[in-house]
Structure formats: structure tokens, C-alpha cells
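Working notes, beginning with the structure itself.
All residue numbers refer to positions in the sequence shown, counting from 1. Read the numbers this way: they start at 1 and go in the same order the structure lists the ligands and their atoms.
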Amino acid sequence: MANGLDDVVAAETVLSDVDGAGGHLTIRGHSLTELAGHWRYGQVVRLLFDGFFDELPGDDELEKAIGNARVEVFERLQPMLAGLPALDVYSGMRAGIALLPDGDSLADALRLIAAPAVLTPALLRLGRGEKPVPPDARADHANDMLRMLSGTASPALAKALDTYLVTVSDHGLNASTFATRVVASTQAGLTSAILAGLGALKGPLHGGAPGPVIEMLDAIEASGDAAAWLRNEIARGERIMGFGHRIYRVRDPRADVLKAVVRRLGTRCETGSRLAFAETVEQAALDVLRVAKPQRSIQTNVEFYTALLLEAAGFPKEAFSNVFAAGRVAGWIAHAREQQATGRLIRPKSRYVGPVPDLVA
Ligand code: ACO
């Protein structure tokens, strides 16, 4: 058995399916391309939550309930916010979420949907010495997140962020979703389960990659030779951020969705030349990886164009994983509820390979 549980089926789910050979993502019967850019994030929350909560309202009512939850979370956590910017913005968000009630109701779930969207802009502003902008319950989720960040939200950027949140809302049994399900299987509350997901998402082999993608692009730009820089990284045993995936053997379909969003933004703002440069780096990375790792099909993953999209939306690179969490939290909650409903504790075995005690007669 491989250390990474490769190919082990550890759950049955109705939520999403990742076809790694074909490069397709299905979320509750809908292809990613059907959802991204066409459904609002609030609608996808409803799609994922359907059947996992009693009395789930319709799309418009749920959107309003998410707005009210943003206001509630802001008011509840505002007194504690001043102490959190001492932490990095991801740890600050996680600490804020840990202060929320740990129940299983729809109200608990909506507070958790709201929390990353509210805490991330508030902590970024406090870190810059600015006052947080309170949420507007009537605004669309992505729009309000941008408004809380910078005071305004252009429709184009709000649409781009909304498409991003939808694109990353769920993705099979990835590391953070598995961690969430393990905690949920103990019948702990949703906040405990989501904290487990947040812990797993942070690492650079999972949702912590897009910040380092920006650092890589900046370093390559400074070096002036993408291929040489990338070859040197591989020679030093480093991984190229934004490339490779456990399941996908072809291009991650989310990369194309997000690249198209960045391309559309490029016609409206300064992202055009950044995109052209990133495309050159992407091609160089694919060429270098093909030569360096011929035994493995290493392709562009979601994080490469996530970095460009979130940079264009005005988020600093240290907050990229927060925004990922703001989208993925919908999937985590649905998976936690699905796991709780099985009533079955996740408890695998390990094989002991340590020293044996001396058996003294
Ligand atoms: N750069 C260089 N080499 C790589 C990369 C990469 N991005 N990805 C895999 N490899 C190499 C490994 O070094 C290994 O080489 P070896 O056999 O010579 O030792 C081989 O490919 C297989 O590596 P594994 O770790 O078994 O591959 P796995 O499929 O488990 O890795 C992972 C998936 C962790 C995402 C990996 O591709 C990686 O580290 N990528 C960079 C970080 C990144 O982009 N993370 C975001 C992933 S997307 C997401 O989680 C939302």
C-alpha cells in the first residue's frame, strides 16, 4: 500500500467526481463548465447542501441567508479581530473560525460559509492599519468580499471571483476534504471538521501553492530565463508550484476555466501582460517537467491560474489560500454532513514496523 493512499476508495459520495484520465470534474451531476461562469456561488452552495439540511430555502432566500450570516459573523467576531492580525492572515482566519459555535445546523453551516469571506478582508485591512469594512447583507457573496477588501467591487472582478469560488467549491476526496470527513465521522461539529480541512489546505502540496506561484513568476521575471530557472529548481529537488496532481494525468480542467477568466479580465485591466508572461512560463515548465520526469505526466493544475486571478482581484499572495478556503468550505460542509449521515467512524489500521518488546520469561 502506498503511503499516500493512492487509489484507495475511502468514501462514497454524491457530491463530486474527478476524472483524472479524461480531465473532467463533475459537481452533483453538473460538469464544471456548466457551472463556472453560469451559476452564482450561492446557487452552488445550495446544490451541494441539498438533502444534507432540513428546510433548505430556495436560491434567493439562501443568498439572503448567507448575507445575513456574513453580518452575524462580523458582529460576533469584531471584538476579537484586533488581536488576530498578529498572526499571518491564514492563521488569523482559522483562529477566528475556531471561535464560532460547533453545531450541525444550517445556521452553523452558513456562518462557516460566511466566515472566510468576512475574516480575510477584515484581517488584511487591519494588517494595513485600516478599519474593516462591514459586510452588506444584500450584496452577492463575491461582490461583498471584494467590497470588504477595498471598499468597491467592479462587476468584472466580482464575476471573476464568483467564478473562482464556484470552480473550487468541491473536488472529490482531496486531502482537506478527507481530513474534514475524518473529523466529521467522529460526530464532532461542523466547525471542528472545517478546522481540520483548513489545516490540511494550508500546505504547499495542496491549497498553499498559489502564493508560491506568484513568487516563482517574480523570480523568473527577475532571472530573465524561464527554462534555466526551472531546470535549476528541479536540479535542487524542488517542485514547480502549480504543476502536477495526484489524480489528473491530463490538464486540470479548472486551470482552463480560470485562465479564460483571467484572459477576459486582461481586456479590462492590467492583467494582459501578466497573463502573456505566465503563459510563457507555463510552457517552459511543461517542457522542463516532460524532460526531467518522463515517467510522470505532470500538467498545469488549478493553482497556476488561481494565482493570476486572485492577484488581479486585488488579494495579496499571502491571502490566496484564504480565498481558496472561502470557496472550498461549501464542499467541506457537504462532505462533513454526508459522512456524519453514514454514522460510521473512519478508523483505518496501520502496520507496525517498529521494534518489538523483549519478551522476558
Ligand atoms: N514539480 C516537480 N516534480 C514534480 C511535481 C512538480 N510540480 N509534481 C510531481 N513531481 C514529481 C515528484 O518529484 C516525483 O518525482 P520522482 O518520482 O522523481 O521522485 C514524481 O513527480 C511523483 O511525485 P508524487 O509526489 O508521487 O506525485 P503526486 O501525484 O503525489 O503529487 C502533488 C501531487 C503533491 C500536487 C505534486 O504534483 C506537487 O507537489 N505539485 C507542486 C505543488 C502544487 O502545485 N500543489 C497544488 C496541487 S492542486 C491542489 O491541491 C488544489
Identify the closest protein heavy atom to atom 15 (O) of ligand 1: which residue and atom is it, and at what distance? Lys293 NZ, 3.4 Å
Looking only at protein heavy atoms, which one is nearest to atom 50 (O) of ligand 1, and how far off is it? His206 ND1, 2.8 Å
Could you identify the single nearest non-hydrogen protein atom to atom 42 (C) of ligand 1 and state the distance to 0.1 Å? Pro204 O, 3.5 Å
Under a 4.0 Å threshold between the charged nitrogen and the carboxylate oxygen, would Lys159 count as salt-bridged to Asp162? no
Check each of Glu238, Arg239, Arg246 against atom 34 (C) of ligand 1 and report the one with the nearest heavy atom. Arg239
Arg254/Asp170 salt bridge by N-O under 4.0 Å criterion: no
Kindly indicate whether the side chain of Leu146, heavy atoms from C-beta on, has any atom under 4.5 Å from the side chain of Phe315. yes
Logged contact type for Val302 with ligand 1, heavy-atom cut-off 4.0 Å, is side chain
Do the rings of His171 and Tyr248 sit parallel, tilted or perpendicular, given the 30° and 60° boundaries? tilted
Tell me, which protein residue and heavy-atom name are nearest atom 26 (O) of ligand 1, and how many Å apart are they? Arg296 NH2, 3.8 Å
Tyr41 vs His141 aromatic rings, parallel, tilted or perpendicular, using cut-offs 30° and 60°? parallel
Which atoms of ligand 1 sit under 4.0 Å from any heavy atom of Ile234? 2 (C)
Sidechain N-carboxylate O distance under 4.0 Å for Asp60, Arg40: yes
Looking only at protein heavy atoms, identify the closest one to atom 9 (C) of ligand 1 and say how far it is in Å. Ile298 CD1, 3.7 Å
Against ligand 1, does Gln295 come closer than 4.0 Å with any heavy atom? yes
Should Asp256 and Lys259 count as an ion pair when the cut-off is N to O under 4.0 Å? no
Asn301, portion touching ligand 1 at heavy-atom distance under 4.0 Å: side chain
Answer yes or no: does atom CZ of Arg347 have more than 12 heavy-atom neighbours from other residues, nucleotides or ligands under 6.0 Å? no
If the threshold is 4.0 Å, N to carboxylate O, is there a salt bridge linking Glu61 and Arg46? no
Of all the non-hydrogen atoms in the protein, which one sits nearest to atom 6 (C) of ligand 1, and at what distance? Ile240 N, 3.6 Å
Determine whether the side chain, the backbone, both or neither of Asp252 has a heavy atom under 4.0 Å from any heavy atom of ligand 1. neither
So which protein heavy atom does atom 40 (N) of ligand 1 come closest to, and at what separation? Phe243 O, 2.9 Å
